[in-house]
Structure formats: structure tokens, C-alpha cells
**Q** 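Mind looking over this structure? Questions follow.
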Amino acid sequence: MKTVRNVVCPFCGSLCDDIEVDIEDNRVVKVRKGCAISATKFTKYNEERIYKPRIDGREVSLEEAINEAVEILANAKYPALYGWSCTSTEAINIGIEIAELVGGVMDNTASVCHGPTILGEQDAGISTCTLGQVKNRAELIIYWGCNPAHAHPRHMARYSAASRGRFVKGRKERTVIVVDVRKTHTAKTADIFIQIKPNSDFELLTALRWAVKNGELEQEEIAGIPAEKIEELADMLISCRFGALFFGLGLTMSAGKARNIEAAVNLVRELNNYTKFVMVPMRGHFNVTGANEVMAWATGFPFAVDFSRGYPFYNPGDTTFVDVLTRGDCDAALIVASDPVSGFPAEAIRNLAKIPVITLDPHETLTTMISKVVIPTAVVGIEAEGSAYRMDAVPLRLKKLVEPPPGILSDEEVLKMILKKLKERVK
Amino acid sequence: MIKVILITGRSLNQGVSKELGKFSKEYMEKVAVCELDPEDLKLLGVSSGQNVKVKTKYGEVVVKATESTQAPHKGIAFIPYGPWASILMPSATESTGMPSLKGIEATIEPAKDEEILDPEKLIKMVVGREP
Amino acid sequence: MGEITLKPKVTFKVPIIAETITPDNFAGKPIEEIEKLEMWEGNRKTTLGDLFEAAGSSGEAPADTKIIIEGDVRKVRRIGYKMTDGQILIKGSVGMYLGEKMEGGKIIVEGDADSWVGAGMKGGQIEIKGNAGDYVGAPYRGDTKGMKKGTIIIHGNAGNEVGCWMRGGTIIVKGNAGLFPGIHMKKGTILVEGDCAGRCGAMMKGGKIAILGYVPSVLPSFTFEEIKKSFKVKGEKIKGPFYLFTGDLNENGAGKLYVSTEKNKHLQFYEKYLE
Amino acid sequence: MELLIKNGYVYDPINEINGEKMDIAVKDGKIVESVSSDAKVIDATNMLVMPGGVDIHSHIAGSKVNSGRILRPEDHYKDVKPRTAITRAEVGHTVPSTYTIGYRYARLGYTTVIEAASPPLKTRHTHEELNDIPLIDKSCYLVLDNNWIVLDYLSQGEIDKCAAFIGWIFKALKGYAIKIVNPGGVELWGWGKNVESLDDQVPPFDITPREIIRGLCKINKMLNLPHTIHLHTNNLGKPGNYRTTIETMDTVSDLADGKPNIHITHVQFCGYGGDSWITLRSGAPEIAKYVNNHNHVTIDLGQVVFGDATTMTGDGPFQFILQNLTGNKWKNADVEAEGSAGIVPYKYKRKNFVNAVQWTIGLELALLIKDPWRVFLTTDHPNAGTFMKYPRVITWLMSKVAREKVLNKINKRAKKRSTLPSIDREYTFYEIAIITRAATAKALNLANKGHLGVGADADIAIYNINPMEIDPSKEYKKVRRALKRAAYTIKGGEIIVKDGEIVKSFIGETFWVKPAIPEDLEKDMLREVSEKFKEYYTVSLENYIIGENELASSKPIAVKTNL
């Protein structure tokens, strides 16, 4: 038996890098330090595995599956390539080259997660930081529309509310505020809970900014919160030495979407005239941030890139996968490390089911169910190494702990094979 | 029948059971659920563990009602991300790329005798054919 | 006036980029040359003639060229791109980016138009008889150069963010509008004759917005000024009375927001500030 | 493979070749004495031949640059080029994609570029982007002056351990030189504050900017690093800051031993006289005077070019001021225990008084500093303009007429206050070769770059212009056109550009220094550092280290230290 330390957990955007894993006979037998999800991820990754490539449900050789994938992509007039947030940055990078070569739309799951955060940033910017800044300095922490107790189980202990830093030693030295529509498990640990009416975050953020600017609120109640309480809250935000706002899909998915983020950005910007304030998106999948980073450096744009005319064109709402599907625009799709069928609206799924879909995934998913070509791959971060970016864009190296099942290659290797064949096929 | 605002999101159970497989019993048990405020359950005359039907403008689905541990949130229903939630979502993104997965008007009614569809049946229902 | 009629040869599946369909590109050209104009069908470069049946003859100049499009062009994008003069009549519904960066002339759509109608428009007129999508007159992401001049009239409803980053011109929505009309607006006028989903004028610095129907609320960073009897759009008086607000104060803005008093009794509480 | 470049007019200042008509022979990627008759011949008759350009300070890769890309889609829409059989798609104007950066530098005849500021914690990201920049050789400076471990050691007077830590960090993270960015000020920005002078205290470290600079300057010498400390001053971007700049240079003058021991970067941004934006004037004459009298200093320009720019720097507090001045969108990104970064889009306008003064400062510096071996051409890409504008800057240096043309269009008040109209100096091609390749290669101590002597890397730029016939003073437009699109760029003996087009693409090397540290000292230091890591950082020390296998083409440079 061997123990591997400082393993990076390939589940959520927290990328905890202190996991200890015991390995025996090429299997993970014990996980220490990880959360419940992490422990399950490391030990149960062989559940519902796919072991053989398939075309139309028929088991085939890897070569056949790759040839079929290449034919589908090369013949498509408007293929879409989607997913990417649960694989290595290196694999995504090859995906980008494939998209460019076949003139497709390259999108990652940020579009249905923190895509609006990026759109908000593109209009207003963002004052942000790595998580250690929060750990070391933050006296006041807000969780807005996010529930780390469920979605990022170790976040509060490792990086935020209860973390121990150089200048702020722990939970007692911090004030924690939660803004949510439910009294979430995170909210139950907070010093202050603001229960906001659904779909009114924009109004509250706007009112807070106006109160921080010392403006007068003419409405008695905003977003279900009395004006005096908003003014009190504004005073609290101004008075801390270092404040951090963590925000989640409660902002990006509710009415206003990108504009909610922009309102939050503007509030934080305003606060920096009085104190130090930052905000950090609670990114979901372990490498969705890496997908944004590598797409940005290779194409200029972090998601939703349309290569149909040979160069990158970007306009979320047009070039995002959900929209491309809902309009029925694409005529083929390559899905890597994602399961859109279990998360997309019905109309989008219906249209996806009408076109040839190629899926790379270690596991059976609802998407592999409707795919024409299925190529099984190794589990990144357990059976394959590579780089990944934490929610605060800190890059880390995922480790290879065990060998994948015989004949199973990594996403990176399979995509390289597809790219190579495509290069021969498309001149 | 009650009117609610439907939100979706991650839950710890959803995260853990997802790693056990999308076709596992655990996944269906933990994800095909609707968390309701105790008062809303009372209004519905449904007890925790019984099935309810959730309807929106975009679709309807039968899931298991559970009493929320994150109450109070009267008038708000929560379904974890997954195939059961997404059927209820609008496909329009208001040209942002992001469907509105939170804050949707919905109704909930008791459906004690109706079956919760497994993922396979669910997809068959959505795409209208054998996957 | 020369007239060219275009009819799709097939039902389009993938997006068609048709920025060459403008009176400027058609004027003075025989049909054979018009048919050679470049187009994109998904990732394939093709020609207008491959995708459309073209008939008729164009005028000498853009000003006396009218393009009539029949059939389903919902997948066809960028029609009227940068056009300076002449007319385009679309006898159905049309795809995204209609009249993008248009400088002059007129476009009429008998059906609906998808998002980004008149994106970054600099002049001319667009009239949509049906509904329009989101981002009417808006620029692309990150850009601040919204509609500068010209008029867009939508007879039906419009989506979110009508007149986003608008710098001038007029937008009239005869039906309802979605969230955020006039967001980031600097100058120009937006008139919504129906209801509005709210957040009018968010982050606006200048310009005028009037809502004749219902608005759920006014943003807290707007201040109530007075009740006004009427509102002027292109010299024409629109009868109120209106609650007049100024904002967005968060941006030190001086935009004017007019909201019908009659349709918005729930805003009556603002009247206490009159005393 | 063999190449023979025949009959070109060669400018190779390191070997004191000044426009001599000669042949250059290339074999296996190196310059050689002679080649066989099988060599491929490039006819360079009536052409200008120089070593490949070496850019000493440019923001080309890493988290800050990528944040600029993400922040500014509007920068990219209009500047695109479809993929070809050889090249990937090009995109981006002031913040281009990695591929675009490589191609565009190559087209200018540049073959080596250093990323100017990489925060250690995000250096893995920097390398991932460097891996994707084609054609050019590259490296990165590591920002170390606001690093807590460095500050702890310096404030405790443990200079040996500090040196060992810095030496280790170069090995661990694969960087090239010590970058200093607003020492002390950036740490205080963690609390939303800044320093105002070299002697302000930086709590809780009980240290001043002056002590940080001197400490790192000493360590640089102890480690025997190839480049000097590379310094972005305190008070950057503030009227009157030329005094801080001179004070900064002077604070290490006593540590010098006849060679440069400090490089002050993008001096235009820290060369401001006056005491407010209204009374702003150029501080270039004073700085030039100091540089002319002290040979321990090198500088680069940070020349402003009118038009679009994206300001991006590790100087977080300065960017905060700039966003307040402009109202433009603003990204701030602080890095735990290490530093910060700020990004604000910017447009330099001729009629704007401040921008016009900024424009004159860079040129004054270049023209008033007598020794071209100590003043280098940069635009601090993309801060003062993109590197694509280098040919334009070169013509301003070579032609008084070209300068006057701009002077007549700039803000009148700025013109009146500037000494630029009275300066007659015009650079020669030989001097241009110095400030764009020879001197920068020398300052970086890259023995095989920046010259065409036997044994040098065969990185060569050939421009379609006859230096014997042309009068750059009058025909500056021709010069500009020729420099914009090299007739040939040769990288490592391969022709990569022909007639301004990319004809071959591959990935160049990433070089980094590998200082030798005594084992015991390193052990002691690492024991302490790993403890501190647990307190300061959110990643483990093991995961901080970047494996050599993570570099696409790694070129370590072993360094003997004085530890």
C-alpha cells in the first residue's frame, strides 16, 4: 500500500489540495481530509464505468470510434463542442484546436454556471483575489446566493469563514453575512441572515450601493428588506478592514443574471473607496475556471466561441451551447466530460437528440444514452494528470494516482488522436 | 395545489450521489426530490416522502416531497440540479446563454400514486423516442 | 426604384451569415453578380445564389434599391449590415443582428426579429411588425458603443435590455418590454407603450425613457422629481401624467424616467415627497 | 539545415559591426563561420540584417494578461484573422491571444520576449501560456518584493535564507529575474492602502521600500543572477514621481561594482514632474541626467503610442487610482502573500494634455540618455501601447521630422512645456539595433542572443530596406513599413517569416535560471518555509512547485552563486 499526499481533489472549484489517498492494487482504498463528496469521488469512480467505445450502442474498437467521430465532425456544417469543465486544461486546449479546425462552436459549462459573471465582468470589471487573501485578511464575509455548506463543503473551513490566516485567526474574528432566499445550512452558521425575495438581488445590490454612497432610499422596503436595515448593512460593509463577497448561482441564474453580477461589482467597487473589498465567484466544476482561462488565451474569449468563419467570434446568447441547441442550429456535437442531457432544458435536449453526438466520458450518463459515438476515457485527477484552475484562478496540478482500465486513454490522448485524424481529413 | 417559486441548485446529497452514478438508486432518491417548507407541506396535505407533481409553463415532473432542513422558505420549492429539475426550466436564455434555473413560477400538487420516472424513462419522455 | 426579390432555395438548418444583403452591395449590379456575393452557411463559404433565388433588378444607387425577402429567414443573420440607404422588406421573420451598424435607409420586417436588432445602429429606420428579441440596438459584449442615431419601431413586444448602451436615436416599443430597458444609456429616447418587466434605466447616465404601462418598481438609485403632464418623442407629445424620476444616481446619472401614474398606482407613495 | 544570408548590410553592435556588407552562415540553429555549397541561400542584397529582436519587458502571458483578454472582448472583435494551414486563428488587438503574440512578434523580427511580471502562485498559468506562444523564445520575471516570506526574512535580517528562498523559487517556478513592483505599496494594498515614499513603514513587517530594494539588490548579486533587479517604482503614475525614481536608482548606487545593478522599467510612467495633473511636466531631463552620470542603471522607455491600450500591472493601488480617474471598467486581482494585479482599459489621446506629456517623456528619455546600451525600447506592452507599434516608435527616434509631425498635432500646452522640440538627435540604425536587441540581450546576459557572432543562436531579422540609400530622417515612413513586416525572420536557423507572413510555426524555448544553493542552507530554509506556507497560503508547498515536464520546451540556465 502506498499513500499519496497533497492530492488535488477533482470535484468542485475549491480544488482542495491536501487530500491524502491510500492506494492498494491500483485502487484507491482510503481517502483522508476530503469532504463527503471527495471521499465518494475517489473511491467510487469505477461505478457505472464505460469500458468499450460504442457506435449506435454497438461496441467497437477505439479506432473505429475515432474514425466515426472524425467523419461526423468533418462533415458538419455547424458542429458544437461542449463540456470541458471536468477535464484537464491540456485536453481543453486540444478541443479548442479541433473546434478551430472544423469550424465549430466551442463552449464550456461556464455558460450555464458563471457565464453571467464573466458577462458582468466584461461590462464592469471585478475586484477579486485568491482565496488566501480572504483567509489572511477578511474580517467580514458575505455569501450571496451560494450555499458552500452543500456545494463547496470545505470552503468555509479552508478558505473563508472559519479559516485561520495570518491577520485574522478564525471564525470568531470574522462577521459572516448570508443573503439567500432560503435559510440555508450556510445561513444557519451566519451572524446575520438576510432573507431576500426571489429575483430581487439586483434591487438590493443597487440599494446597498446607493446607501454606501450615502444616498437616501425613497422606498420603505427593497427586496423585502426594510430601508433602515439596508443602511445599517451598508455601514457595516464600510466599517470592516477587509471584506469579501462570495457569490453563486443565486445571482447568475435569477432574474437579471449578468446584471446582478454587474451590480455586485459596482457595489464592491464603491466599497473600495472606503475600505478594501473583493468578490470571488463560487465556481462549480473543478476546472470550469481552467476552461475559461485556456479558451481566453487561445481564442481571446473565455467561452462561447464560434469558429465557423475560421476566426473566433463571441457573443453569448448567440454562440452559447444552450442557445445553439434551442434554436436547432448545430448539426453535430462533441461532448467532453459533461452531461448536458441531465441539466439542460427540454427543448435543448430534444434538439440534441436529433443530431449525431460524440461523447467522451468515463461514466454512463444521460448524454451517453443519446450519443451516436461514445468513447470512454480515464478519470482526470485519479487516472490521468493535468492542470486545473481553482475558482480563484490559482492553477494546480492534478495527479495520476492509479492506472485507468486497460485500453482506456485520457481525454487528452483521445482528443489528440481525433485532432491528428482530422488534420489529415480537413486540409 | 399550491403556487410556489421554484429554485434549483446543488445539494450535498446530489453531489455525493452523482459520484455513485447517474443511474444509481441513490441518485434518484436524492435528486428526484422537492424540498418544501413545513407550512407548504401542510397546505398541500402531503407528508415528507410522498410524491408530488411539479408543473411550470415549460413542463411537469413527479418527484418526492421532503421537508426542508433549510427552512423557513414558505412559497419557495427547491429541486436539486439534475434531469428532474431541468425539465421544468425554460429553454430561453434571454440571449445570455444561461437558462433561468432559479425563480420560476410553479405549482405543486399531491401525486401520491404517480410514479417518479427514472432517468431513462424521463429522457424517453423528453425526446419522444427510445434513447 | 429597382427591386430585387430573394427567396430561400431550401429550408436553412445552420446559421446563414448574410451581411452582403444590403442595397449598397446590390446597387448597380446585375443579378448574376448579386448571386456571386459571398455568404456563409455555417462553416462553409458559399454565395447568395447558392442559397437564394434572386429575381428583379437593382437600382443604380443604394437609395433606389429595394430588396424584398420572401420565405423563412429566421436562420439568416446580419441582413442590412452597415447599409447606408435604400430599403429592405422582409415578408416573414428574420434572424439575429438585423441592420447591425446600419447607417441609413429603411428595413421593414413583417414578422418577428431575433436579438440584436439594429446593433450599434448609426442611422436609418427599422420597423418590426411582430416581436423583437433581446438587446435591441445594443453593441456586443464589453463594448460601450450602442445605438447612436436612427429609429427602431417594434409593434409587438421586445425582450430584455432594449437600448443597452444607447448613445442616441429613438426606440419605440408598442407592446411590452422585458427587463432593463435603457441600461447604461447615455442619450436618446426609449418609449415603451405597454408594460415593462422592470429595472428601467439601470446604470443610465442620460437620455429619456417613458413607460406607458405597468412597471413593478423603480430602482432605489432613482429619485422622484415631480409629476409631469406629458412626454415628447420625436416632437410628438405623449400624454401622461407621469411620475418623473432622475437617475441612475449610483452612476451620477441625469437620465429621465417617465412612468405612467395611472397604470402604476403602487408607486403613489412617491407623491409624499412632493410635499 | 544550412543557410547562407548573402550580401546584406549587417548591424551587429555586440560585435561592433555597423552596416557592413557581409554574409551570415547558419548551421543547426547556430551562426557558424561557413557553410557548405548545399546551404539554402537567402539573397539579402540591399537589405538590412540584424539579430532577432529581444524584448526585455512585455506583458505576454499569465493570469494578468489573460484577465485583460477576458475583460476586453471589445478589444478583439475587429482584430481577427482566420486560421491557415500553418497558423492558428489570430485574435486580439491590445491583448492578443497567445498564438497571435508569437506570430506578431515574429513578423516584427523579434525572437526573444520576456513576460514582465509573474506572481509566483500563478506562474504555472504563465508557463501554460508561454507553452502556447509560438516561434519566439521566452521567459518570465517573478514578482518577489511583496512576498511575505521574502519580507519576513528581510525584516529579520536573514539575508542568506532570503537568498536561498529566492534561489529555490527560481528553480521551483522556472523564472528568470527578480521583479519588484511598488515595493511595500502592493502589500499595503492588501488593506486598500499604499506607500508614498521609500522610507514609509510597511506594517507588520517593520521594513521600508528602501530596505526591500536594497535587500533584493544584494540578493541578486549573491545569487549571481543573469539580469539585475527589474524594478517598477513606488509612486508610479503620480505627478512629481521622477524624484522617487531618481531616489530609487540612487539607493543602490553604493552596491554597484562598475556594472548595472538595477533596471528601472517603463520609466515614462515614473518620469513625471510637476505636483498635480494640471502642473504636470516631463521629468525626463532630470532622470536622463542621473542616468548619464551613473553607470549602475539601465532603463526601458514604456513609450506611449496614441490609441488603444490596456493598462495592466502588479501595481494594484495605482490601477485603483486610474479606474477612479477614468471611470473605465477595472479588474483587481490580489494574490495571497505575494502581490496584486490591476487592469484598466485606456485610450491615449493626442489632444489630452496628460497623454501628450506622457508621449514626450519616453522620447526625451531615449534622446537625452547618451548611452544607448542603457536605454531600451519598450511600450510596456500593452500598457502604453502594443508592441506592434515599435516600428512607429523607432521612426520617432530616427527622424526629427516624424516627431515634429506628431508634435504639431498634440495638445498645445504639452508641446509648449516639452523640451522635445529642441532635441535634434536622431538615432542611427546601429543605435536602433542596440536598443532593440543588442543591449537588451546584454542586460539579460543572454550570451547567445542579440548578436550574430559565431556560436550565437541563429535568430535573425532581415528587413527589406537599404540602409545605405535611405535617409530615415526624411523617409521614415519607408522605414516603418519595412520594420513592420520583416522580409525574413529566422529563428534557431529556421525561416519562420517570409515577406511578413508566417511560413513555419513551432514552439520556442522557455529559459529559466537554476541557481546552485548550498544543500544545508536550502534544507534549513525549506523547513521554515514549509511551516510558513501552511499559515500564509491555501495551497501546499508541494503543489506550488512546477515540474520541468510542465514546460513545452524547457531551457534551464545553471547559475553559480556566491552563497
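These numbers were taken from a predicted model, which means no experiment stands behind them. Protein chains get the first letters and strands the later ones, always in sequence-line order, with residue 1 at the start of each. Below, all heavy atoms of this structure are taken into account, side chains as well, without hydrogens, waters or symmetry copies.
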**Q** Can you check whether A:Thr109 reaches A:Tyr82 side chain to side chain, under 4.5 Å on heavy atoms?
**A**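 Side-chain contact under 4.5 Å: yes.
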**Q** Applying a criterion of heavy atom separation less than 4.5 Å, what residues of residues 66-74 of chain B form contacts with chain A?
**A** B:Ser68, B:Thr69, B:Gln70, B:Ala71, B:Pro72, B:His73
**Q** Mind ranking B:Arg10, B:Glu94, B:Lys102 by heavy-atom pairs under 4.5 Å with chain A and telling me who comes out on top?
**A** B:Lys102
**Q** Looking only at side-chain N and O atoms, does A:Tyr314 offer a donor or acceptor that is under 3.5 Å from a partner on A:Gln122?
**A** yes
**Q** What I'd like to find out is whether the side chain of B:Leu117 reaches to under 4.5 Å of the side chain of B:Lys124, using heavy atoms alone.
**A**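 Heavy-atom side-chain distance check fails, nothing below 4.5 Å.
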**Q** Heavy-atom cut-off 4.5 Å, strictly under: side chain, backbone, both or neither for B:Leu20 against chain A?
**A** both
**Q** In terms of heavy-atom proximity below 4.5 Å to chain B, should A:Pro316 be classed as side chain, backbone, both, or neither?
**A**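 Backbone plus side chain of A:Pro316, per the 4.5 Å heavy-atom cut-off to chain B.
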**Q** Starting at NE2 of A:His185, measure out to CG of B:Leu12 and round the result to the nearest 0.5 Å.
**A** 9.5 Å
**Q** Quick check: under 4.5 Å, non-hydrogen atoms only, which of residues 75-84 of chain B neighbour chain A?
**A** B:Ile76, B:Phe78, B:Tyr81, B:Gly82, B:Pro83
**Q** Do you know which of A:Pro153, A:Pro198, A:Gly57, A:Ala258 has the most heavy-atom pairs with chain B at a distance under 4.5 angstrom?
**A** A:Pro198
**Q** Just wondering, do B:Ile2 and B:Thr107 contact through their side chains at under 4.5 Å, heavy atoms?
**A**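 No. Closest side-chain heavy atoms not under 4.5 Å.
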**Q** Select, from A:Ile37, A:Thr320, A:Val112, the one with the greatest count of heavy-atom pairs under 4.5 Å involving chain B.
**A**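 Going by pairs under 4.5 Å, I would pick A:Ile37.
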**Q** Under 4.5 Å from any heavy atom of chain B, what part of A:Lys188 do you find: side chain, backbone, both or neither?
**A** side chain
**Q** For the residue pair A:Phe246 and A:His155, is the inter-centroid distance of their aromatic rings smaller than 6.0 Å?
**A** yes
**Q** Using a cut-off of under 4.5 Å for heavy-atom pairs, which of B:Gly15, B:Ser91, B:Gly128, B:Gly59 has the most such pairs with chain A?
**A** B:Ser91
**Q** Which one wins on heavy-atom pair count under 4.5 Å against chain B: A:Ser111, A:Gly248, A:Gly145, A:Ala304?
**A** A:Ser111
**Q** Please state whether the side chain, the backbone, both or neither of B:Ile7 comes within less than 4.5 Å of a heavy atom of chain A.
**A**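 For B:Ile7, the side chain is the part near chain A, not the backbone.
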**Q** For A:Asn147, is it the side chain, the backbone, both, or neither that has a heavy atom closer than 4.5 Å to a heavy atom of chain B?
**A** side chain
**Q** Indicate yes or no: at least one non-hydrogen side-chain atom of A:Thr365 is less than 4.5 angstrom from one of A:Val341.
**A** no
**Q** Is there a side-chain contact between A:Phe301 and A:Thr319 in this structure, where contact means two heavy atoms from C-beta onward sitting under 4.5 Å apart?
**A**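 Contact flag for A:Phe301/A:Thr319 side chains = no.
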**Q** Counting only heavy atoms not in B:Lys25 (residues, nucleotides, ligands), do more than 12 fall under 6.0 Å from its NZ?
**A** no
**Q** With sequence neighbours excluded, what pairs up with B:Lys55 under the salt bridge (Lys or Arg N to Asp or Glu O under 4.0 Å) test?
**A** B:Glu109
**Q** Using ring centroids (six-membered ring only for Trp), state whether A:His114 and A:Phe247 fall under 6.0 Å.
**A**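 For A:Phe247 and A:His114, the ring centres are under 6.0 Å apart.
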**Q** Assess whether a salt bridge exists between B:Glu19 and A:Lys44, defined as any Lys/Arg side-chain N lying under 4.0 Å from an Asp/Glu carboxylate O.
**A** no
**Q** For A:Asn260 and A:Asp201, indicate whether the former's side chain and the latter's backbone hold a donor-acceptor pair under 3.5 Å.
**A** no
**Q** May I ask you to name which of B:Ser95, B:Ser24, B:Gly97, B:Ser17 has the most heavy-atom pairs under 4.5 Å with chain A?
**A** B:Gly97
**Q** Based on non-hydrogen pairs under 4.5 Å, which of B:Gly9, B:Pro119, B:Ser11 is most in contact with chain A?
**A**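 That would be B:Ser11.
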**Q** So, do A:Thr186 and A:Pro148 sit near enough that their side-chain heavy atoms are less than 4.5 Å apart?
**A**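 A:Thr186 reaches A:Pro148 side chain to side chain.
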**Q** Nearest 0.5 Å, please: how far is CG in A:Leu119 from CE in B:Met98?
**A**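 Rounded to the nearest 0.5 Å, the CE-CG separation comes out at 9.5 Å.
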**Q** Is A:Ala36 in contact with chain B via its backbone, its side chain, both, or neither, using a 4.5 Å heavy-atom distance?
**A** both
**Q** Would you say the ring centroid of A:Phe11 lies under 6.0 angstrom from that of A:Phe286?
**A**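 Centroid distance A:Phe11-A:Phe286: not below 6.0 Å, so no.
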**Q** Given that the side chain runs from C-beta out, which part of A:Thr184 has a heavy atom under 4.5 Å from chain B: side chain, backbone, both or neither?
**A** both
**Q** Measuring only between side-chain heavy atoms, which start at C-beta, is B:Met125 closer than 4.5 Å to B:Ile87?
**A** yes
**Q** Using a cut-off of under 4.5 Å for heavy-atom pairs, which of A:Ser371, A:Cys146, A:Ala151, A:Cys12 has the most such pairs with chain B?
**A**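 Going by pairs under 4.5 Å, I would pick A:Ala151.
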**Q** Where does A:His363 contact chain B at under 4.5 Å (heavy atoms): side chain, backbone, both or neither?
**A** neither
**Q** With chain B as the partner, which of A:Leu325, A:Asp323, A:Val322, A:Leu352 has the greatest number of non-hydrogen pairs under 4.5 Å?
**A** A:Asp323
**Q** Please report the shortest heavy-atom distance between A:Ile19 and A:Ser38, naming the atom on each side.
**A**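 Scanning both residues completely, I find the closest heavy atoms to be CD1-OG, 4.0 Å.
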**Q** Counting only N and O atoms by type, is there a donor-acceptor contact under 3.5 Å from the side chain of A:Asn108 to the main-chain atoms of A:Ala110?
**A** yes
**Q** If contact means a heavy atom pair closer than 4.5 Å, which residues of residues 28-50 of chain B contact chain A?
**A**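 Only B:Glu35 of residues 28-50 of chain B have a heavy atom under 4.5 Å from chain A.
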**Q** Could you check if a side-chain atom of A:Thr252 sits within less than 4.5 angstrom of a side-chain atom of A:Lys257, using non-hydrogen atoms only?
**A** no
**Q** When rounded to the nearest 0.5 angstrom, what distance separates OH in B:Tyr58 from CD1 in B:Ile104?
**A** 7.0 Å
